[in-house]
Amino acid sequence: MTDKKDAFVTEITPQSQDFSSWYLDVVRKAELADYTAVKGCMAIRPYGFAIWELIQQELDRRFKATGHVNAYFPLFIPESLLMREAEHVEGFAPQVAWVTHGGNEKLEERLAIRPTSEVIIGTLYAKWIQSWRDLPVLINQWSNVVRWEKVTRPFLRTTEFLWQEGHTAHETEAEAQEETLRILDIYKEFAESVLAMPVMAGAKSESEKFAGASRTYSIEALMGDGRALQAGTSHNLGQNFARAFGIQFQGRDKVLQHAWTTSWGVSTRLIGGVIMTHGDDSGLVLPPRVAPQQVVIVPISRGNWQETVLPKARDIQARLVAAGVRVRLDDRDSYTPGWKFADWEMRGVPLRVEIGPKDIEKQQVVVARRDTREKAFIPMDAVEDRVRSLLDEVQQALLARATKFREERTRRTADYAEFSAWMEGRPGFVISPWCGHADCEAAIKSETQATIRNMPFGGDEPSGACLKCGRPATAQAWFAKAY
RNA sequence: CGGGAUGUAGCGCAGCCUGGUAGCGCACCUGAAUGGGGUUCAGGGGGUCGCGAGUUCGAAUCUCGCCAUCCCGACCA
C-alpha cells in the first residue's frame, strides 16, 4: 500500500502494521463512535447510528414479513426471577450488573439490568399463553442490554450495547426448530445481501451454546485479520424456559403442556463486522445498502463556482434524491476538492460524483468508486441510471471480494500439526473432523486458541478420526480464532 | 482478573529524570488569494496537564490511591 493515492490518508494506522489500531482509528476518524467516562460504554455518533438505523430497517422488514411484531419489555429483572433457570443464571451471573439502591434506600431485592430478556419475557408469556390457539407468539424487541465485560472494544464487545432480541413460543418442538432456523436463514441472507458479509451458518458446540438453550446456531464471518466474528445467534430453547417460567397451554389434545420457545439476536457488533470485512488503509468502506450516504457530490470549486457549478450540482442532487439515492452535496467552501475526496473516502461513501466547469461543458460528470477507486465519465442525462447500477455493482463486488477472501483463508485438514501451524500463521477458518467431546475441544482451544465457530449445515458427512484425539469424528467443525 | 504500556488543546506528541505556573505540528476561527486528489499567506482563539489525596514556599514534574484507554493472557450468550 505505497500507492501515492493512499498516502493522502495519514491519520489511520495501516492494517498490515497493526490491525487493532487500524480498527480503532477507523472508528474514531470516521466518527462512528467515541469513548465515554464509563469503561466499555461508547457513544454511537450520528454517522455510526445512521448505519445502525439502516440495519434496523432492513431486519425489521424481514421480521415483520415473517409474522413477527415488536414490543418492549423492562430493563430491570428481579434477582429471584433471574435465578429461575439454573443454567441460564450460571451462564450470565459473572456478567450481570446489579441495581441495589433506589434513591437513598436499599432495595429489598436486587435488580439485574437485563443481560438478555428471556426471563422477563418468559414470565409474561406464562400469563399470555393459555391455549394452543394463542400460539405461536412471535415477538421481537429492539433494546439495549448490559453485560459486564472485562475486555471491551467499540462495537465488537461493549458493556452496554444495542440489539434486537426475538422471543417466540410454539406449540410443537418441530415448529420451534423451524422458527430457529428460519431466523438463522434471515440473518444469513441479511448479512450477505445487505452487509455484503459472507457468513457460515451452523450449529454451535455444546460448550459454546447459549446458557439454557437446547441448541444454538450462529452465523460466523471472517474478518480482515483472519479472525472469526460471531455475527448472530438463534437459539432453540426447547421447553427449558417454559418449564422454569410456567409457560403452559392446553393443546388440541386437551392436555396441558409446556410451550416450545426460541430466542435470537443480532447487535451493534454487526457494525464492527462491516468495518473489519470491507475497510482498507484509507478507512471505512461501506456497502451501499448500509451507507448513510451512498453518493457524495463534490463540486469542483473553480472561479465563481458557486454561481456556475453549484446550481448544476444541486440539480444532480435533486435528481438522485428523486431516484431514491441517499445523496449528500458537499458544498462547503472552506475545503478543497482534494481534501473532500480523502475525507469522504475515510468515511466509506461508496460513490463520489465530481462535477466541474469542464464537465458542464461536456455534459458529463465524473463518478469514482470507493472500493476500486476507478473513475469514469458518465453523460449528465444518464446520472440516475448509472449511479443506481454502479451502487448495485459495488454492493456485489464487495460481497464477491469478501467471499473470495474467506475462501482463500479457509482450509481443510485432519492433521493436528498442520492445523496448529495454520492457526499460528495466517489464521482463518480450518475445517476439521471432530469427535464431539468437550474435553477435546477445550484442549484444542488451550493449545491453539482456536475454537469451534460452528458446524455448518449440509457440510460433508463426518468421516475418519477426530483431528485431536483420534476418536471417531461426529462432525465437520469450522475452527477459528474468534473475536 | 493477571502481566505490560499510556493518559499534557479536537488529534498526534515534546516537557517530567534534575519541581519555578505549559509548548510544537496538524485541526479550529478571521481575512485574502486559491480550488479536477488533503492549497497558500497573514492574523487569532483554545489546556481543571485523567481524577483525588499527600510532600513542598511552589507540583504537568516527586509519592500514594483511584479511573480510563491500548497490547498480551485468562474469562466471555
Side-chain angles (χ1 to χ4, degrees), chain A residues 3-13 18-25 27-29 31 34-42 87-96 114-118 145-154 156-159 161 163 165 204 207-213 216-218 230 232-235 237 263-267 269 282-283 298-306 308-309 332-346 352-362 364-366 368 373 375 377 442 445-446 449 451 482-483:
Chain A
D3 291 4
K4 217 172 169 184
K5 60 191 172 193
D6 290 321
F8 286 119
V9 175
T10 54
E11 298 178 27
I12 296 175
T13 307
D18 182 345
F19 195 86
S20 180
S21 295
W22 167 83
Y23 175 80
L24 295 167
D25 286 346
V27 168
R28 193 165 41 82
K29 297 304 296 180
E31 297 181 344
D34 205 351
Y35 297 111
T36 66
V38 182
K39 176 181 164 67
C41 294
M42 61 171 183
E87 252 186 66
H88 190 62
V89 189
E90 202 187 324
F92 277 106
Q95 288 184 280
V96 171
R114 64 178 164 219
T116 178
S117 304
E118 273 74 7
V145 286
V146 168
R147 297 179 187 181
W148 217 254
E149 297 286 354
K150 287 167 182 166
V151 177
T152 59
R153 311 180 84 187
L156 299 175
R157 174 167 282 108
T158 49
T159 301
F161 57 91
W163 76 342
E165 48 178 328
K204 283 289 195 184
S207 65
E208 296 267 340
K209 218 176 58 177
F210 175 73
T216 287
Y217 302 88
S218 71
Q230 178 176 298
T233 49
S234 186
H235 315 289
L237 303 176
S263 68
W264 27 274
V266 299
S267 72
R269 172 183 261 198
S282 296
V298 178
I300 301 306
S301 38
R302 225 176 225 287
N304 60 339
W305 67 281
Q306 314 216 28
T308 55
V309 179
R332 293 176 291 179
D333 188 32
S334 49
Y335 296 96
T336 60
W339 193 93
K340 292 175 183 177
F341 295 170
D343 193 47
W344 291 110
E345 278 173 15
M346 193 166 67
R352 177 180 70 241
V353 169
E354 303 170 23
I355 176 163
K358 287 183 225 161
D359 302 312
I360 293 171
E361 262 174 47
K362 297 179 192 166
Q364 64 178 25
V365 296
V366 177
R373 287 202 165 85
K375 281 192 181 191
F377 295 100
K445 183 180 177 183
S446 71
Q449 289 179 42
T451 51
Y483 268 95

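Just so we're on the same page: letters track the sequence lines, and every chain starts at 1.
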Roughly, in whole Å, what's the span from [atom1] in [X] to [atom2] in [N]?
X	N	atom1	atom2	value
A:Lys340	B:G37	NZ	P	13 Å
A:Ile300	B:U39	CD1	C1'	14 Å
A:Asp359	B:G36	CG	C1'	8 Å
A:Trp148	B:C1	CH2	P	11 Å
A:Asp343	B:C26	CG	P	18 Å
A:Tyr335	B:U39	OH	P	11 Å
A:Asp18	B:U6	CG	C1'	14 Å
A:Ile360	B:G36	CD1	P	15 Å

[X] side chain vs [Y] backbone, donor-acceptor pair below 3.5 Å:
X	Y	value
A:Thr216	A:Lys204	no
A:Thr36	A:Cys41	yes
A:Arg302	A:Val309	no

Legend entry - Spatial distance of atom CD (A:Glu87) from atom CZ (A:Phe92) [nearest 0.5 Å]: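 Going from CD on A:Glu87 over to CZ on A:Phe92, the span is 11.5 Å.
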Inset, instruction - Could you tell me the separation between the NZ atom of A:Lys340 and the CZ atom of A:Arg352, rounded to the nearest 0.5 Å? - result: 12.0 Å
[X] versus [Y], closest heavy-atom pair with distance:
X	Y	result
A:Val27	A:Pro154	CG1-CB, 4.1 Å
A:Pro357	A:Ile300	CD-O, 4.2 Å
A:Met346	A:Lys29	CE-O, 3.6 Å
A:Arg153	A:Thr158	O-CG2, 3.6 Å
A:Ile12	A:Ser282	CD1-O, 3.8 Å

Inset, instruction - Could you tell me which residues satisfy ring-ring contact (aromatic ring centres under 6.0 Å, His included) with A:Phe341, sequence neighbours excluded, listed by chain and number? - result: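 A:Phe341 satisfies ring-ring contact (aromatic ring centres under 6.0 Å, His included) with no residue once adjacent residues are dropped.
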Inset, instruction - Kindly write out the residues that satisfy ring-ring contact (aromatic ring centres under 6.0 Å, His included) with A:Trp163, not counting sequence neighbours, or none if the list is empty. - result: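 In terms of ring-ring contact (aromatic ring centres under 6.0 Å, His included), with neighbours along the sequence ignored, A:Trp163 is linked to A:Phe161.
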Considering only the [atom1] atoms, how many Å lie between [N] and [M], rounded to the nearest integer?
N	M	atom1	result
B:A68	B:U8	C1'	16 Å
B:U61	B:C17	C1'	9 Å
B:U30	B:G46	C1'	15 Å
B:G52	B:G7	C1'	16 Å
B:A27	B:G12	C1'	11 Å
B:A9	B:G15	C1'	15 Å
B:A22	B:U48	P	12 Å
B:G4	B:U21	P	35 Å

If you check the [X] side chain, which of [options] turns out closest?
X	options	value
A:Glu149	B:G36, B:C1, B:C76	B:C76
A:Phe341	B:G37, B:C76, B:U34	B:G37
A:Asp333	B:C1, B:C28, B:U34	B:U34
A:Pro357	B:G36, B:G37, B:C75	B:G36
A:Val151	B:C76, B:G35, B:G73	B:G73

Whom does [N] pair with, Watson-Crick or G-U wobble, provided both distances fall under 3.5 Å?
N	result
B:A60	none
B:C51	B:G65
B:C17	none
B:G35	none
B:C70	B:G4
B:C28	B:G44

Inset, instruction - Verify whether one side chain among A:Glu118 and A:Ser263 offers a donor that lies under 3.5 Å from an acceptor in the other. - result: yes
Inset, instruction - Would you check if there is a donor-acceptor pair between the side chains of A:Ser117 and A:Glu165 at a distance under 3.5 Å? - result: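 Looking only at side-chain atoms, A:Ser117 and A:Glu165 do form a donor-acceptor pair, the distance falling under 3.5 Å.
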Would you list the protein and nucleotides 67-70 of chain B atom pairs, both N or O, that sit under 3.5 Å from each other?
{"unit_1": "B:U69", "atom_1": "OP1", "unit_2": "A:Gly40", "atom_2": "N", "d": "2.9"}
{"unit_1": "B:U69", "atom_1": "O3'", "unit_2": "A:Tyr35", "atom_2": "OH", "d": "3.4"}
{"unit_1": "B:C70", "atom_1": "OP1", "unit_2": "A:Tyr35", "atom_2": "OH", "d": "3.2"}

Inset, instruction - Ignoring hydrogens and angles, answer whether the base of B:G10 and the side-chain atoms of A:Asp34 contain a donor-acceptor pair closer than 3.5 Å. - result: no
Inset, instruction - Check whether any side-chain N or O of A:Gln449 sits under 4.0 Å from OP1 or OP2 of B:G73, and answer yes or no. - result: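 Yes.
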Inset, instruction - For B:U39, take OP1 and OP2 only and decide whether either is under 4.0 Å from a side-chain N or O of A:Thr336. - result: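 Yes.
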Check nucleotides 11-13 of chain B for protein N or O atoms closer than 3.5 Å to its own N or O atoms and list the pairs.
{"unit_1": "B:C11", "atom_1": "O3'", "unit_2": "A:Arg28", "atom_2": "NH1", "d": "3.4"}

Might you list the N or O atoms of the protein lying below 3.5 Å from N or O atoms in nucleotides 44-46 of chain B, with each pair's distance?
none

Inset, instruction - Answer with base, sugar-phosphate or nothing: what part of the nucleic acid does A:His235 contact at a heavy-atom distance below 4.0 Å? - result: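 If one applies the 4.0 Å heavy-atom cut-off, A:His235 turns out to touch the sugar-phosphate alone, with no base involved.
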Inset, instruction - Assign each of A:Ser446 and A:Lys204 to its nearest nucleotide of RNA chain B by heavy atoms, then name whichever residue's nucleotide is nearer the 5' end. - result: A:Ser446
Inset, instruction - Find which nucleotide of RNA chain B each of A:Phe161 and A:Ala368 is nearest to by heavy atoms, and output the residue with the more 5' nucleotide. - result: A:Ala368
Legend entry - Contacts of A:Val366 that satisfy side-chain contact (heavy atoms from CB on, under 4.5 Å) - sequence neighbours left out: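 With neighbours one apart ignored, the set is A:Glu354, A:Asp359, A:Lys375, A:Phe377.
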